[in-house]
Student: 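Pasting in a structure now, in structure tokens, and then I'll have a few things to ask.
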Amino acid sequence: MPELPEVESARRVLEGALDREIADIDDTDDWVCRPHRPGDIAKALAGGRLTEAHRRGKTMWCETVISDGTAGPRLGIHLGMGGRLIVTGGDGERAGGEPDRPDRSPRKPEWDRFTVSFADGGRLRLFDKRRLGRVRLEPDLDALGPDAEDITPAEFRERITRGRSAVKARLLDQGVLAGVGNLLADETLWQARIRPSKPVDELDAAELDRLYRALERSLAAAVRNGGVHTGEMIGERNADGACPRCGAPMAHGTVGGRSTWWCSAEQA
DNA sequence: ACTCGTGTTAGCTG
DNA sequence: TCAGCTAACACGAG
């Protein structure tokens, strides 16, 4: 389920939906499409095309043109916790956003929360069982911090250390840094050997340096290996789990309102 | 049967 | 203003 690496794979899938004439849009799910009313998105994009697929953190958006060829509104797409994009038509079916797993559960049609139908007969669908995904026109991209893959060390230090909250809560704040989710935050802090609840104003220069490099490393590994669930520490998140580095028991608690795992010895 | 969760956001409290 | 909590969304996993 999607953090930055999974969303980037979904963005690539989204590129398969570009430059195709929009015949119809089903935006009748008023929770997923809030604050729009059913029909608002359909009306805004009818007869137009999606022209570019972008991503910042976990938010994707498409640039569009409308039927007369002028620029249309941006179409924002967020996968939430378990959303998946499926594009059909052209060269078959492609899907992205959720790690591949055997599809044994039924795929109920009502789990398609938003659908763009193209004139060529293909479709772009947001498939999302839990209904936590979101589609909207003109998403507020200014509310997002720099993408976690692009941020410079200086910018990272300046943004992370602002305020006094727990370092994990700060890593998860999409307005500070966009793209880090719960698992990637735990993996990064474990790599950096920093306690998740440590207040950001107590981080010294060496810790900030380790944290930045750990973020780069765990992000690169997740992109390379196909998802954040492939992290070295992530498999040890259970009652009997031991730290893969030192063997000490893994500790569990809540930090920043989210379930958190850390090494009881190295991240004390 | 019951709790938890790889996300976000509005609204509230201290 | 900042930090932390809750509810809402709806389903599968343990």
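Convention: sequence-line order gives letters A, B, ...; per-chain numbering from 1. Excluded from the calculations below are hydrogen atoms, water molecules and symmetry mates; all remaining heavy atoms, backbone and side chain alike, are included.
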Student: Rounding to an integer number of Å, can you tell me how far A/D128 CG sits from C/dA8 C1'?
Tutor: 14 Å

Student: State which of B/dG7, B/dG5, B/dT9 makes the closest approach to the side chain of A/R134.
Tutor: B/dT9

Student: Does a side-chain N-to-carboxylate-O contact under 4.0 Å join A/R258 and A/D186?
Tutor: no

Student: Roughly how far, to the nearest 0.5 Å, is the CZ atom of A/R55 from the CD atom of A/E8?
Tutor: 4.5 Å

Student: Taking NZ, NE, NH1 and NH2 as the nitrogens, is one of them in A/E3 or A/K58 under 4.0 Å from a carboxylate oxygen of the other?
Tutor: no

Student: How many Å lie between CG on A/D140 and P on B/dT8, as a whole number?
Tutor: 14 Å

Student: Distance between the P atoms of C/dT1 and B/dT8, in whole angstroms?
Tutor: 24 Å

Student: Would you kindly give the CG-to-P distance between A/L172 and C/dC2, to the nearest whole Å?
Tutor: 18 Å

Student: Which one, C/dC9, B/dG7, C/dC11, comes nearest to the side chain of A/H78?
Tutor: B/dG7

Student: Which one, B/dT8, C/dG4, C/dC11, comes nearest to the side chain of A/R113?
Tutor: C/dC11

Student: With P as the reference atom in both, quote the distance from C/dC5 to B/dC4 in angstrom, rounded to an integer.
Tutor: 15 Å

Student: How many whole angstroms separate atom CG of A/L184 from atom C1' of B/dG5?
Tutor: 17 Å

Student: Can you see whether A/W61 has A/R56 sitting over its ring - NZ or CZ less than 6.0 Å from the centre and within 45° of the normal?
Tutor: no

Student: Rounded to the Å, how far apart are A/L79 CG and C/dC9 C1'?
Tutor: 16 Å

Student: Rounded to whole angstroms, how far apart are CD1 on A/I77 and P on B/dG7?
Tutor: 19 Å

Student: Between A/M81 (CE) and C/dA13 (P), how many Å, whole number?
Tutor: 14 Å

Student: Can you check whether A/R258 has a side-chain N or O nearer than 4.0 Å to OP1 or OP2 of B/dG7?
Tutor: yes

Student: Please give, in whole Å, the distance from C/dC9 P to A/W111 CH2?
Tutor: 18 Å

Student: For C/dT6 and B/dT3, measure between their P atoms and round to the nearest Å.
Tutor: 15 Å

Student: Of the listed nucleotides (C/dG4, C/dC9, B/dG7), which one gets closest to any side-chain atom of A/S165?
Tutor: C/dG4

Student: Closer than 4.0 Å, any side-chain N/O of A/W31 to the OP1 or OP2 of C/dA8?
Tutor: no

Student: Taking the side chain of A/Q174 as heavy atoms from C-beta outward, which of B/dG5, B/dG7, B/dT8 is closest to it?
Tutor: B/dT8

Student: Can a salt bridge be assigned to the pair A/R12 and A/E15 using a cut-off of 4.0 Å between side-chain N and carboxylate O?
Tutor: no

Student: From C-beta outward on A/K129, which listed nucleotide comes closest to its side chain: C/dC11, B/dG5, B/dG7?
Tutor: C/dC11

